[in-house]
K.L.:
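Structure in structure tokens, see below.
Per chain, numbering begins at 1; letters A, B, ... match sequence-line order.
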Amino acid sequence: MGKKEKEQAFVEHITPRDVDFSQWYTDVILKTDLVDYAPVRGCMVIKPYGYGIWELIQQEMDGRFKATGHKNVYFPMLIPESLLLKEAEHVEGFAPEVAWVTQGGTETLTERLAIRPTSETLFCSMYAKWVQSWRDLPMKYNQWCSVMRWEKSTRPFLRTSEFLWQEGHTVHATAEEAQEETLQMLDVYREFSENVLCIPVFVGRKSDKEKFAGARATYSMEAMMQDGKALQAGTSHNFGTNFAEAYNIQYLSKDGVLTYVHETSWGTSTRMIGAVIMTHGDERGLRLPPKIAPIQAVILPIAAHKPGVTEKAQELFESLKGAGIRVELDDRDTVSAGWKFNEWEMKGVPVRLELGPRDIENGVVTCMRRDTLEKITLPLEGLAGALKNLLGDIGRTLYEQAKAFKEARTYVAHDMDELTKGVQDGFVKAAWCGERACEDQIKEKTNASSRNMPFDQSDLPSDVCVCCGKPAKHIMYFAKAY
RNA sequence: CGGGGUGUAGCGCAGCUCGGUAGCGCACGUGCUUUGGGAGCAUGGGGUCGCAGGUUCGAAUCCUGUCACCCCGACCA
């Protein structure tokens, strides 16, 4: 092969991003063995490499939930129809996408059972039993489970009929506490996204149009994908006493008054894996953030038939594994070294360690970092420590690259022309009057939706609404969304 | 749910117009040679042509229905 052909060979199996971003995404997830399509409509099988990422996400998140005083529980996946119907707005929002169980064994059920699309109603029914006194509050529970939503069109990780997630549900004595909880968990999500997934996000409050069905206020974190579209990567809701009133969750306060609780819920899903792929991926495939990479470093013995190479590679493998690095030794003799290079790059392993006769002779290992594709030489002596530093640096670099992209693709619009142009390939910051009519009009004209309103509302781009010209009330980010 | 497209070996495809009993490349098995950026030669194995009906002496091919997936919209984490 000539040099040019070799360069092209990197993308042989993957559609280039700038040719067809959607196809690139599909190629990457299938060819890196994250998932496969299941024999059920809209469902995917998460394979070991993909599930390994999810397990690491769970570990990292769960630790943060525990650290903020939450406990894990497990609720049933079936919801009696009568229970689901108690909060009108919630029902209206979810009814179109609920799957129903109508038969058990040979019996036709007298009451349909919904397969949970989310578990507010179940939590509410139990909180109504469990909460008696102000001494019982707050109750802060979370569950890891799957939910089902009968979506019209599906895409692996981004929107599947069934998906894995966590849903936190808490009840509090006061509005202040509930609001504090809502914002605290949003901040946990933001911190997790930035430090673990290496994805910068826009955090803020949703418009009434876009908020969760039944919520008083919804907050979200929105990530920008490489095609400039928005991916809602996590939400945190404050229900106020809305559900408490519908499900009769009351406690006796210190001064003996029967009082409705204030409730929150917050959730993130396997969709975050989709965000990782579309934020960090490149022409060669995945680039996984080190903290969620099932394999952080892969050792490739070079010229393994030469004496001592296999032994030295095994020794290196054991020592790095012992140091707590998720390392894999690729000692397959059925494929060439070149094949392995491409395969592990495609799978997004952060660091490749090449160990051949020349390296062993010099007491070093040849190391390639996936984020920058730089090759460096590291001494075998003290390698574990150097590698840990390198993994940290790779995480920071991925974050900085994504942040630079996000900033470059965030535009400020003063009129509809600028807004329309901006949402073609990025987020648009604009002044908004707060009226639903303008949101609808922007959606209709540009196909972009309102994403969220940042907490810092100090630098309004204009005194008037980008759409109608009436006095502006909020800074709103608009973007096309997944 | 609308518009467009695709289902033939694990993957990518040809064959279908004009019906005659299934082929190519990669991958896979075995052997030898290779081995620091997708190796070579030889030799093997593998498919009720998405599924169900229909037409026919005969269907991957024609007809009807159905399911799944992909892309673009509308709806949603």
Side-chain angles (χ1 to χ4, degrees), chain A residues 1 3 5-13 15 20-27 30-31 33 36-44 93-98 117-118 146-167 189 206 209-213 218 220-223 230-237 265-275 284 300-306 309 331-346 352-360 365-366 368 373 375 377 443-444 447 449 480-482:
Chain A
M1 259 200 278
K3 189 166 188 289
E5 282 170 309
K6 277 183 187 167
E7 281 166 7
Q8 286 172 345
F10 286 129
V11 299
E12 185 185 345
H13 302 292
T15 305
D20 185 340
F21 191 74
S22 289
Q23 193 58 50
W24 169 84
Y25 177 81
T26 306
D27 287 351
L30 290 177
K31 277 162 184 157
D33 234 16
D36 201 354
Y37 292 106
V40 197
R41 201 205 86 102
C43 292
M44 63 178 177
F94 280 99
E97 49 187 51
V98 169
T118 178
S146 76
V147 291
M148 176 161 279
R149 299 179 188 179
W150 213 255
E151 302 286 357
K152 302 280 197 255
S153 72
T154 58
R155 300 204 59 195
F157 290 123
L158 303 178
R159 187 174 299 104
T160 46
S161 298
E162 182 187 7
F163 58 93
L164 298 176
W165 78 345
Q166 61 67 215
E167 49 179 328
Y189 287 164
K206 286 282 194 184
K209 179 187 177 184
E210 299 285 336
K211 76 179 186 191
F212 181 85
T218 290
S220 73
M221 64 172 178
E222 309 274 337
L231 188 73
Q232 183 172 300
T235 48
S236 185
H237 316 288
S265 84
W266 26 275
T268 54
S269 72
T270 37
R271 178 180 253 196
M272 288 188 292
I273 297 174
R284 298 188 184 194
L300 300 190
I302 301 296
H305 57 289
K306 298 269 176 71
V309 173
D331 56 2
R332 288 175 296 174
D333 58 359
T334 50
V335 293
S336 67
W339 177 278
K340 292 179 185 178
F341 290 172
N342 286 291
E343 187 179 39
W344 292 114
E345 280 167 16
M346 184 171 76
R352 180 179 76 223
L353 302 171
E354 295 169 38
L355 188 69
R358 286 205 298 274
D359 300 300
I360 294 170
V365 63
T366 302
M368 199 205 74
L373 300 174
K375 263 194 182 185
T377 301
K443 173 82 185 179
E444 196 183 322
N447 200 27
S449 53
K480 293 186 181 178
Y482 272 95

K.L.:
Does rG7(B) have a Watson-Crick or wobble mate here (both distances under 3.5 Å), and if so which one?
P.N.:
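rG7(B) is paired, partner rC67(B).
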K.L.:
Need one value for T366(A): base, sugar-phosphate or nothing, where a base atom within 4.0 Å counts as base even if backbone is also close, heavy atoms only.
P.N.:
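Base contact.
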K.L.:
Given rA74(B), is OP1 or OP2 found less than 4.0 Å from the side-chain N or O atoms of N447(A)?
P.N.:
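Checking N447(A) against rA74(B): at least one side-chain N or O falls below 4.0 Å of OP1 or OP2.
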K.L.:
On RNA chain B, check which nucleotide each of F212(A) and G338(A) is closest to and give me the residue with the more 5' one.
P.N.:
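Closer to the 5' end of RNA chain B: G338(A).
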K.L.:
Measuring only the P atom in each nucleotide, how far is rU64(B) from rG4(B)? A whole number of Å is fine.
P.N.:
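My reading of the P atoms in rU64(B) and rG4(B) gives 16 Å.
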K.L.:
Nearest heavy-atom pair of E210(A) and S449(A): which atoms, and what distance?
P.N.:
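It is OE2-CB, 3.9 Å.
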K.L.:
Does G42(A) reach a base, just sugar-phosphate, or nothing at all? Heavy atoms under 4.0 Å.
P.N.:
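The answer is sugar-phosphate, as G42(A) gets under 4.0 Å only of primed atoms, P, OP1 or OP2.
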K.L.:
Hey, does L158(A) reach any base, or is it just sugar-phosphate, or nothing, if we go heavy atoms under 4.0 Å?
P.N.:
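Answer is base: heavy atoms of L158(A) come under 4.0 Å of a base.
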K.L.:
What is the nucleic acid contact for S336(A), judged by heavy atoms within less than 4.0 Å: base, sugar-phosphate only, or nothing?
P.N.:
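S336(A): backbone/sugar contact only, no base atoms under 4.0 Å.
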K.L.:
So what does T218(A) touch, heavy atoms closer than 4.0 Å: a base, only the sugar-phosphate, or nothing?
P.N.:
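Here T218(A) touches no strand at all.
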K.L.:
Measure the distance from CZ on R41(A) to P on rC70(B) and round it to the nearest whole Å.
P.N.:
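To the nearest whole Å, that distance equals 10 Å.
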K.L.:
Classify K443(A) by what it touches in the nucleic acid, base, sugar-phosphate, or nothing, heavy-atom distance under 4.0 Å.
P.N.:
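The answer is sugar-phosphate, as K443(A) gets under 4.0 Å only of primed atoms, P, OP1 or OP2.
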K.L.:
Looking at the side chain of M368(A), which of rG37(B), rA77(B), rC70(B) is the nearest nucleotide?
P.N.:
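Looking only at side-chain atoms, M368(A) lies closest to rG37(B).
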K.L.:
For rC72(B), does OP1 or OP2 lie under 4.0 Å from any side-chain N or O of S22(A)?
P.N.:
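It does, given that an N or O in the side chain of S22(A) lies less than 4.0 Å from OP1 or OP2 of rC72(B).
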K.L.:
Could you tell me the separation between the OH atom of Y25(A) and the P atom of rC72(B), rounded to a whole number of Å?
P.N.:
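Y25(A) atom OH is separated from rC72(B) atom P by 13 Å.
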K.L.:
Go through it in stages, so that I can follow the logic: the residues are S161(A) and E151(A), the test is side chain to side chain donor-acceptor pair (under 3.5 Å), and I'd like the CA-CA distance, side-chain angles, deciding distance and then a yes or no.
P.N.:
CA-CA 6 Å; S161(A) 298; E151(A) 302 286 357; over 6 Å; no
K.L.:
Please answer whether the main-chain N or O of M346(A) pairs with a side-chain N or O of R284(A) as donor and acceptor at a distance below 3.5 Å.
P.N.:
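Checked: no pair found.
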K.L.:
Would you say the base of rG37(B) and the side-chain of E345(A) have a donor-acceptor pair closer than 3.5 Å?
P.N.:
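Such a pair exists between side chain and base.
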K.L.:
Could you measure between the two C1' atoms, the one in rU61(B) and the one in rA22(B), and give it in whole Å?
P.N.:
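About 12 Å, rounded to a whole number of Å.
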K.L.:
Given the P atoms of rC24(B) and rG46(B), what is the spacing between them in whole Å?
P.N.:
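Going atom to atom, P in each nucleotide, I get 14 Å.
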K.L.:
When rounded to the nearest Å, what value does the distance between C1' atoms of rA60(B) and rG47(B) take?
P.N.:
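These two C1' atoms come out 11 Å apart once rounded.
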K.L.:
Between R155(A) and F163(A), which has a closest nucleotide on RNA chain B that is more 5'?
P.N.:
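Residue closer to the 5' terminus by nearest nucleotide: R155(A).
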K.L.:
Counting only side-chain nitrogens and oxygens, does T26(A) get under 4.0 Å of the OP1 or OP2 atom of rC70(B)?
P.N.:
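Indeed not, no polar side-chain atom of T26(A) lies that close.
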K.L.:
Taking Y25(A) for its side chain and P156(A) for its backbone only, find out whether a donor-acceptor pair lies under 3.5 Å.
P.N.:
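Yes, Y25(A) side chain to P156(A) backbone: donor-acceptor pair under 3.5 Å.
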K.L.:
Please classify the nucleic acid contact of E97(A) as base, sugar-phosphate, or nothing, using heavy-atom distances under 4.0 Å.
P.N.:
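Since only primed, P, OP1 and OP2 atoms lie under 4.0 Å of E97(A), the category is sugar-phosphate.
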K.L.:
Whole angstrom is fine here: how far is it from CG in D359(A) over to P in rG36(B)?
P.N.:
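Nearest whole value for this atom pair: 13 Å.
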K.L.:
Side chain of K375(A): nearest nucleotide among rC69(B), rA74(B), rG37(B)?
P.N.:
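Shortest atom-to-atom distance from the side chain points to rG37(B).
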K.L.:
Is the distance from OP1 or OP2 of rC70(B) to the nearest side-chain N or O of Y37(A) less than 4.0 Å?
P.N.:
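It does, given that an N or O in the side chain of Y37(A) lies less than 4.0 Å from OP1 or OP2 of rC70(B).
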K.L.:
Rounding to an integer number of angstrom, what distance separates rU8(B) and rC75(B) when you compare their P atoms?
P.N.:
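Nearest-Å result for rU8(B) against rC75(B) at atom P: 34 Å.
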K.L.:
Using Watson-Crick or G-U wobble geometry with both distances under 3.5 Å, which nucleotide pairs with rG44(B)?
P.N.:
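rG44(B) is paired, partner rC28(B).
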K.L.:
Give none if rG36(B) has no partner; otherwise give the nucleotide forming a Watson-Crick or G-U wobble pair with it, both distances under 3.5 Å.
P.N.:
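Its partner is none (no Watson-Crick or G-U wobble pair with both distances under 3.5 Å).
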K.L.:
Indicate yes or no for a side-chain donor-acceptor contact from Q166(A) to the backbone of T268(A) under 3.5 Å, with no hydrogens or angles considered.
P.N.:
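Yes.
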K.L.:
Is S220(A) reaching over with its side chain to a backbone N or O of E222(A), donor-acceptor style, under 3.5 angstrom?
P.N.:
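Not a single qualifying donor-acceptor pair exists.
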K.L.:
Could you tell me the separation between the CE atom of M346(A) and the C1' atom of rG38(B), rounded to a whole number of Å?
P.N.:
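Taking CE of M346(A) and C1' of rG38(B), I get 11 Å after rounding.
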K.L.:
Applying the Watson-Crick and G-U wobble criteria at under 3.5 Å, what pairs with rG58(B)? Answer none if nothing qualifies.
P.N.:
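Base-paired to nothing in any strand shown.
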K.L.:
Counting side-chain heavy atoms from C-beta on, which of rA77(B), rG37(B), rU35(B) comes nearest to A303(A)?
P.N.:
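Among the listed nucleotides, the one closest to the side chain of A303(A) is rU35(B).
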K.L.:
Just compare rG37(B), rA77(B), rG36(B) and give me whichever is closest to any side-chain atom of R352(A).
P.N.:
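Selected nucleotide (nearest to the side chain): rG37(B).
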K.L.:
Looking at K340(A) and R332(A), would you say the former's side chain and the latter's main chain have a donor-acceptor pair under 3.5 Å?
P.N.:
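Here the side-chain-to-backbone pair exists.
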K.L.:
Please report the distance separating the P of rA27(B) from the corresponding atom of rG38(B), rounded so that it comes out in whole Å.
P.N.:
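Pairwise P distance, rA27(B) against rG38(B), rounds to 14 Å.
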K.L.:
Determine the interatomic distance between P on rC51(B) and the same-named atom on rA42(B); round to the nearest Å.
P.N.:
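Going atom to atom, P in each nucleotide, I get 35 Å.
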K.L.:
Checking R352(A) against F341(A): charged group under 6.0 Å from the ring centre and within 45 degrees of the axis?
P.N.:
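Output yes; distance and angle both within limits.
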K.L.:
So what does P357(A) touch, heavy atoms closer than 4.0 Å: a base, only the sugar-phosphate, or nothing?
P.N.:
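Base, at least one base heavy atom under 4.0 Å.
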K.L.:
In the structure shown, which nucleotide is the Watson-Crick or G-U wobble counterpart of rA22(B), with both distances under 3.5 Å?
P.N.:
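Base partner found: none.
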K.L.:
Which of these nucleotides, rC70(B), rA74(B), rG36(B), is closest to any side-chain atom of S153(A)?
P.N.:
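Closest nucleotide among those given: rA74(B).
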K.L.:
Take atom P in rC16(B) and the same atom in rG50(B), then report the distance between them in whole Å.
P.N.:
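About 15 Å, rounded to a whole number of Å.
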K.L.:
Round to a whole Å and report the spacing from CD1 of I302(A) to C1' of rG37(B).
P.N.:
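Rounding to the nearest Å, CD1 of I302(A) and C1' of rG37(B) are 9 Å apart.
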K.L.:
Rounded to whole angstroms, how far apart are NZ on K152(A) and C1' on rC1(B)?
P.N.:
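In whole Å, rC1(B) C1' and K152(A) NZ are 6 Å from each other.
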K.L.:
Can you tell me the distance, in whole Å, between the CG atom of D36(A) and the P atom of rC69(B)?
P.N.:
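Distance, rounded to whole Å: 12 Å.
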K.L.:
Answer with base, sugar-phosphate or nothing: what part of the nucleic acid does Q232(A) contact at a heavy-atom distance below 4.0 Å?
P.N.:
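Result for Q232(A) = sugar-phosphate.
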K.L.:
Under 3.5 Å for both donor-acceptor distances, Watson-Crick or wobble: does rG73(B) have a partner, and if so which one?
P.N.:
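Pairing partner, where one exists within any strand: rC1(B).
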K.L.:
Using only side-chain N and O atoms of R159(A), determine if any of them is under 4.0 Å from OP1 or OP2 of rC75(B).
P.N.:
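Indeed not, no polar side-chain atom of R159(A) lies that close.
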K.L.:
Hey, is the main chain of F212(A) close enough, under 3.5 Å, to the side chain of T218(A) for a donor-acceptor pair?
P.N.:
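It does hold such a pair.
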K.L.:
State which of rG37(B), rC70(B), rG36(B) makes the closest approach to the side chain of R358(A).
P.N.:
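Comparing rG37(B), rC70(B), rG36(B) against the side chain of R358(A), the answer is rG36(B).
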K.L.:
Rounded to the Å, how far apart are D331(A) CG and rU35(B) P?
P.N.:
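It works out to 19 Å between those atoms.
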